[in-house]
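The structure appears right after this line, and notes come after that.
Letters go in sequence order (proteins before strands), and every chain restarts at 1.
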Number of protein chains: 2
Amino acid sequence: MPAPASSSPVPADFPATTASALIAAHGGRVTRTRVAVIEALQGAAHPLSHDEVGVALTDAGIAHDRVTLYRALEWLVDKDIAQRIAASERAWRFEIRRGGEHRHAHFHCDRCGQVLCLEDVPSDSKPALPAGFELDRSELVLHGACADCGRRGLKMEAR
Amino acid sequence: MPAPASSSPVPADFPATTASALIAAHGGRVTRTRVAVIEALQGAAHPLSHDEVGVALTDAGIAHDRVTLYRALEWLVDKDIAQRIAASERAWRFEIRRGGEHRHAHFHCDRCGQVLCLEDVPSDSKPALPAGFELDRSELVLHGACADCGRRGLKMEAR
DNA sequence: AGTTTTGATGCAACATTGTAGCATTTGAAA
DNA sequence: TTTCAAATGCTACAATGTTGCATCAAAACT
Ligand SMILES: [Mn+2]
Ligand SMILES: [Mn+2]
Ligand SMILES: [Zn+2]
Ligand SMILES: [Zn+2]
């Protein structure tokens with residue numbers, strides 16, 4: 001089912017939801033890679049690592065290069081379409097930033113390394129900072145053991 | 001002023017403060033490297049990267065190997081003498097864990113990469129987690145621009 | 001003080017994660 | 001269709017950690 005071909009300039013401030021609309025709205029070129037990356041992030045139930053996105057692209061039959069993928073993700077973050085999460089593993093994780101949604105905390109299982117979105121735990125503390133400091137955003141990451149891993153049991157299946 | 005030489009078994013549960021006492025209290029061997037690392041962390045005004053600790057050791061005239069340093073830091077974290085902070089730079093940072101102190105948040109300047117301890121911003125939220133999850137600790141990192149960098153001005157002197 | 005034990009170190013090699021430079025391709029505007 | 005900057009795909013490279021293993025030395029034991 002081919003969508004109405006071409007035209008229809010996207011209203012730039014309307015919360016676009018399709019990948020191509022999002023890209024175009026930010027003045028970027030709509031490429032297969034970018035579209036696929038966005039769709040991978042949109043379809044994910046939790047923040048994806050660079051590598052996981054890569055797998056998703058492969059699964060979708062989209063050839064891709066490691067570097068291109070890094071650059072695509074970087075661009076998305078830059079445009080605020082996606083955000084990076086440093087959950088204390090070595091690798092960053094990425095998730096789509098749905099318009100209007102407020103920031104939420106994440107849970108990092110120190111056992112299996114999984115990262116979970118805690119949609120209803122806000123991450124927006126705005127404490128008083130030393131003079132001259134300007135706050136951009138706050139990132140709250142909880143650490144512990146996920147249900148699958150259970151607190152008791154072995155130690156350290158992953159950092 | 002040489003401390004009373006030798007002897008005096010350290011009361012293992014008293015909050016030891018000297019490096020050697022800390023190490024011994026955790027059943028580790030008191031080595032020059034470990035002592036120097038702890039003292040570097042204790043003397044630091046902010047969390048140090050592996051590399052910064054290395055410089056401190058060099059300054060203190062302590063020869064050291066990259067790997068040994070990593071392992072020393074790992075051991076300290078393992079024993080809960082120090083803690084790791086993932087402030088979203090590539091490299092971890094380490095800080096001493098002073099007994100009884102509650103966890104505090106950190107500020108990461110997205111401009112210059114500096115990390116600052118926000119001693120009076122607690123980082124101890126204990127929100128409700130999905131069933132089966134167990135919380136160990138929570139890490140709160142604020143992002144923005146430090147006073148030196150100022151919000152306005154150039155972009156991206158460091159990630 | 002000498003011996004022994006085993007934790008800690010040093011070195012080399014490797015792994016992971018991300019960047020930079022540059023020639024080539026391609027999206028999309030003209 | 002043509003044009004041309006933006007994206008891509010290499011290839012190198014940088015930064016940060018890790019593994020294996022032979023050697024050293026802290027501290028316990030005699
Ligand atoms: Mn999330
Ligand atoms: Mn701190
Ligand atoms: Zn887990
Ligand atoms: Zn700064």
Between [X] ([atom1]) and [N] ([atom2]), how many Å, whole number?
| X | N | atom1 | atom2 | value |
| --- | --- | --- | --- | --- |
| A:His64 | C:dT25 | NE2 | C1' | 18 Å |
| B:Glu74 | C:dG7 | CD | P | 15 Å |
| B:Trp75 | C:dA8 | CH2 | P | 7 Å |
| A:Leu69 | C:dT16 | CG | P | 17 Å |
| A:Ile62 | D:dT8 | CD1 | C1' | 14 Å |
| B:Ile38 | C:dA8 | CD1 | P | 12 Å |
| B:Asp65 | D:dA22 | CG | P | 17 Å |
| A:His50 | C:dT19 | NE2 | P | 10 Å |

Would you kindly check whether a donor in the side chain of [X] faces an acceptor in the base of [N], or vice versa, at under 3.5 angstrom?
| X | N | answer |
| --- | --- | --- |
| A:Arg84 | C:dG18 | no |
| B:Arg66 | C:dG10 | no |
| B:Arg90 | C:dT17 | yes |

- Item | Test item: B:Ile23 and B:Trp75 side chains (from C-beta on) under 4.5 Å apart, heavy atoms |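 Heavy-atom side-chain distance check passes, below 4.5 Å.
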- Please examine the side chains of B:Leu76 and B:Leu41, heavy atoms only from C-beta on, and report whether any two atoms are closer than 4.5 Å.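 Answer yes - side chains close enough.
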- 5' precedence on DNA chain C between A:Arg71 and A:Arg93 (nearest-nucleotide basis):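 Final value for this comparison: A:Arg93.
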- Message: Assess whether a salt bridge exists between A:Glu95 and A:Arg84, defined as any Lys/Arg side-chain N lying under 4.0 Å from an Asp/Glu carboxylate O.
- Response: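 Looking at A:Glu95 and A:Arg84, the cut-off is not met.
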Are there any protein N/O atoms within less than 3.5 Å of an N/O atom in nucleotides 26-30 of chain D, and if so, which ones and at what distance?
{"residue": "D:dA27", "atom": "OP1", "partner": "B:Val30", "partner atom": "N", "Å": "2.9"}

- Item | Any B:Thr68 side-chain nitrogen or oxygen under 4.0 Å from OP1 or OP2 of C:dA8 |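 It does not, given that no N or O in the side chain of B:Thr68 lies less than 4.0 Å from OP1 or OP2 of C:dA8.
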- Message: If you compare every side-chain N and O of A:Arg34 against the phosphate oxygens of D:dA7 (OP1, OP2), does one of them come in below 4.0 Å?
- Response: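 Result: yes.
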- I would like to know whether A:Arg103 and A:Glu139 meet salt bridge (charged side-chain N to carboxylate O under 4.0 Å, His left out); could you show each step before the answer? CA-CA 8 Å; A:Arg103 291 177 185 282; A:Glu139 223 178 297; over 6 Å; no
- B:Phe94 ring center near B:His50 ring center (under 6.0 Å):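 Centroid distance B:Phe94-B:His50: not below 6.0 Å, so no.
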- Task: Examine B:His108 together with B:His106 and report whether their ring centres are nearer than 6.0 Å.
- Result: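 They do not qualify: ring centres at least 6.0 Å apart.
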- Between D:dC10, D:dC21, D:dT8, which one does the side chain of A:Thr33 approach most closely?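 The listed nucleotide nearest to A:Thr33's side chain is D:dT8.
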- Message: Looking only at the side chain of A:Ala91 (C-beta and beyond, no hydrogens), which of the listed nucleotides D:dT11, C:dT17, D:dT19 gets closest?
- Response: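 Out of D:dT11, C:dT17, D:dT19, the nucleotide with an atom closest to A:Ala91's side chain is C:dT17.
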- Between the side chains of B:His143 and A:Asp136, is a donor N or O closer than 3.5 angstrom to an acceptor N or O?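 No, no side-chain donor-acceptor contact under 3.5 Å.
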